[in-house]
2 protein chains.
Amino acid sequence: MGADRTSPVTLRMLADRLGLHVSTVSRVLHAKPDESHRAASSATVERVRRLADELGYRPNPHATSLRTQRSNLIGVLVPRLSDIVLATIYEGIEEAAGEHGLSTFVTNTRDVPDFQRARTDMVLARRVDGMIFGDAYIDAGFLGEVAARGVPFVLVSRRAGDYPSVTCDDYLGGRMVGEHLLSLGHRDVAVVAGEPYASTGIDRSAGFADAYAEAGIEIPAHRFTHSRFDARGGHEATERLLAAGDPPSAIFAVNDFAAIGAFGAVRDHGLRVGADVAVAGFNDTPLAAELPVPLTTVRSPMHEMGRRGLELLARLLQGEEVSSERLRPELMVRASTTAVLT
Amino acid sequence: MGADRTSPVTLRMLADRLGLHVSTVSRVLHAKPDESHRAASSATVERVRRLADELGYRPNPHATSLRTQRSNLIGVLVPRLSDIVLATIYEGIEEAAGEHGLSTFVTNTRDVPDFQRARTDMVLARRVDGMIFGDAYIDAGFLGEVAARGVPFVLVSRRAGDYPSVTCDDYLGGRMVGEHLLSLGHRDVAVVAGEPYASTGIDRSAGFADAYAEAGIEIPAHRFTHSRFDARGGHEATERLLAAGDPPSAIFAVNDFAAIGAFGAVRDHGLRVGADVAVAGFNDTPLAAELPVPLTTVRSPMHEMGRRGLELLARLLQGEEVSSERLRPELMVRASTTAVLT
DNA sequence: ACGTTTGGCCCAAACGTTTGGGCAATCGCA
DNA sequence: TGCGATTGCCCAAACGTTTGGGCCAAACGT
């Protein structure tokens, strides 16, 4: 029964077979109940519907888009899909998109500006109705250009400028980790802070630092180090922290993968995670709890973030006013952070 | 300069401004060098080109697709993008697609047949030129239907039936692990075998079992257990293996995430990975080397697999004959597998 | 000098929809 | 019976491309 590839069934085919005009068929298949009854007699409606799904009619989206100037496509840019955080966010986006009759178009930019630009152009050339950026730089220069072109968009994961975004409350999450480590007696701590252009790392570090500041402890600058967001990056950054000797008693890595990298570096220095050096991460990816030393981390609602991001964009496309959302994180205490040795 | 959202520039705009016919402009902007010179004088060609990129002309892909009956879109189905293996494969696909002037459309099916069907329909409704399945069931029933509809497609990651696929040589990879563990003296081993419908798990297990069989050791049936491919699934499966008491001296989990889950279960039973129970994984995901106990695993060329998959499909779309490819794996020995205690 | 090629461009018909207008027949109602 | 409203449908013009044919003038060949 389904549409055969050789001959996709068109409105005209249906119309011809039914002895109706193509416009009539279109209206019948299209309109909400209230209109369809104005479009044809209920008997006709029935006939049309039956034939349509007997033949497996699927409207040609190119024709539709061409005519309506709306593609029902939305473009999604992420640094890399092989980052489980972004992948999970994207899953949320895709799920919600399905419910809105939208299709998504996702592409990797590796966090490099030239790629962001190029991919944005490509996506726009595909005539998407709107975009979701998961790779925003905190300095929102590029986004400004996009906005100037009149493209509706929202941000997920990272915030930037005053553009509508759906993020985790990263600052709060950072505070939670700070307070937790303080409560365990850690006074000499270090931060693997992520990329300097990502609000996630910035806000998490800031929340963490503020928690310590309020306890009267200023974390010295050399205890902060930037890093890529993957395991290798976390490893290298931690290596730098540890290289000088005089290891901190605890390390906060602003995401789980960097934390796992920190595990590796700590191990390489003959130290034990938990016992010798506490390590905390961020995101509560599914691996965190399974590690040989389970990772203390902050659960961020990644899937939900994606969903909300799409909803936000959908509302934007309806012409509604929207404002940013900040989702609540939750601290997950596990074995990688234990009380400081006294 | 770029195209403003409010008024995408069309061929007609260019034509009018240049005092040319739209078809002329089309040919100029389109044709390969040899034809363009037949389409207009070189002076005209120059004028057209200049204006086109001054105004940032981008052909409307919907119009083009409608006219040419070709979308330059390809649909990609994966179980889940939050699985780093599939995400990495997809990155390869996307990269290669870009080089071929194709755009990809990826969607999650969670490995559930109803979703595969539904998503396939949706993707086909979008009029893709071809598809790549990363979620094939070994019983290729559904793929048969797709093939019957005349849709060109290839498989990646998993093989099925005689459809063209690009996979890792999973059987060989399994053998490698088997031989490695044998060489370490492990005689009582168990396998966390993945989903029963995925060729990856099946082939890896088979290669492993055959290596043992050739050494004169038949691994008993109760030492095999199926599992989901994520950490949680690996944990549960390993739990089942260990629940009976009498733990094996080594466990082969058919992917890294399941292996990490195995770490968790082993840990929960008061055993140490490496020292008490050897654990090996598959894929060499970036985390494997960073774990507190680095994971012995098999490197599979995931990115490359994606690239090759797309190339294969591209050739298929050109009407060429294609045949499956099997990529070579490489054993990565690390600390999680040590010699059996004597 | 007269056909033939060629260069340089234009015409018009598609591709499959959507949608503002029509228009004839029937209905409701006084 | 007359008249406006409603029902049920059809018409045709877009949307932006691509592409097989034309057509006219200039160049060419003999």
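Residue numbers start from 1 in every chain, and the chains themselves are labelled A, B, ... in the order their sequence lines are given, proteins ahead of strands. It should be emphasised that the depicted structure is a prediction, and the values quoted were computed from it without experimental measurement.
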Q: For L66(B) and for V22(B), find the nucleotide of DNA chain C with the closest heavy atom, then tell me which residue's nucleotide is more 5'.
A: V22(B)
**Q.** salt bridge (Lys or Arg N to Asp or Glu O under 4.0 Å): pairs with one or both residues in residues 101-113 of chain A, sequence neighbours excluded
**A.** R110(A)-E95(B), D111(A)-R158(A)
Q) Is there any salt bridge (Lys or Arg N to Asp or Glu O under 4.0 Å) pair reaching into residues 134-146 of chain A, and which pairs are they, with sequence neighbours excluded? A) R117(A)-E145(A)
Q) Counting just side-chain N and O atoms, does T10(B) come under 4.0 Å of either OP1 or OP2 of dC15(D)? A) no
Q: Any chance you could measure L81(A), atom CG, to S82(B), atom OG, to the nearest 0.5 Å?
A: 9.5 Å
Rounded to whole Å, please give me the gap between [atom1] in [X] and [atom2] in [N].
X      : N       : atom1 : atom2 : value
D16(B) : dC10(C) : CG    : P     : 11 Å
L11(B) : dC15(D) : CG    : P     : 13 Å
Q69(B) : dC15(C) : CD    : C1'   : 6 Å

(Q) L11(A) and side chain to side chain contact (heavy atoms under 4.5 Å, CB included): which single residue from V22(A), L20(A), D16(A) fits? (A) V22(A)
Please produce a list of atom pairs where a protein N or O lies less than 3.5 Å from an N or O of nucleotides 22-25 of chain C.
none

Q.
Less than 4.0 angstrom from a charged side-chain N to a carboxylate O is my criterion; do R119(B) and E94(A) meet it?
A. yes
Q) Relative to the 5' end of DNA chain D, which residue comes earlier, H62(B) or T24(B), by the nucleotide with the nearest heavy atom? A) H62(B)
Q: Classify the side chain of R47(A) versus the base of dG8(D) as yes if they form a donor-acceptor pair under 3.5 Å and no if they do not.
A: no
Q.
Strictly distance-based, threshold 3.5 Å: is any side-chain N or O of S157(B) a donor or acceptor partner for the main-chain N or O of G134(B)?
A. no
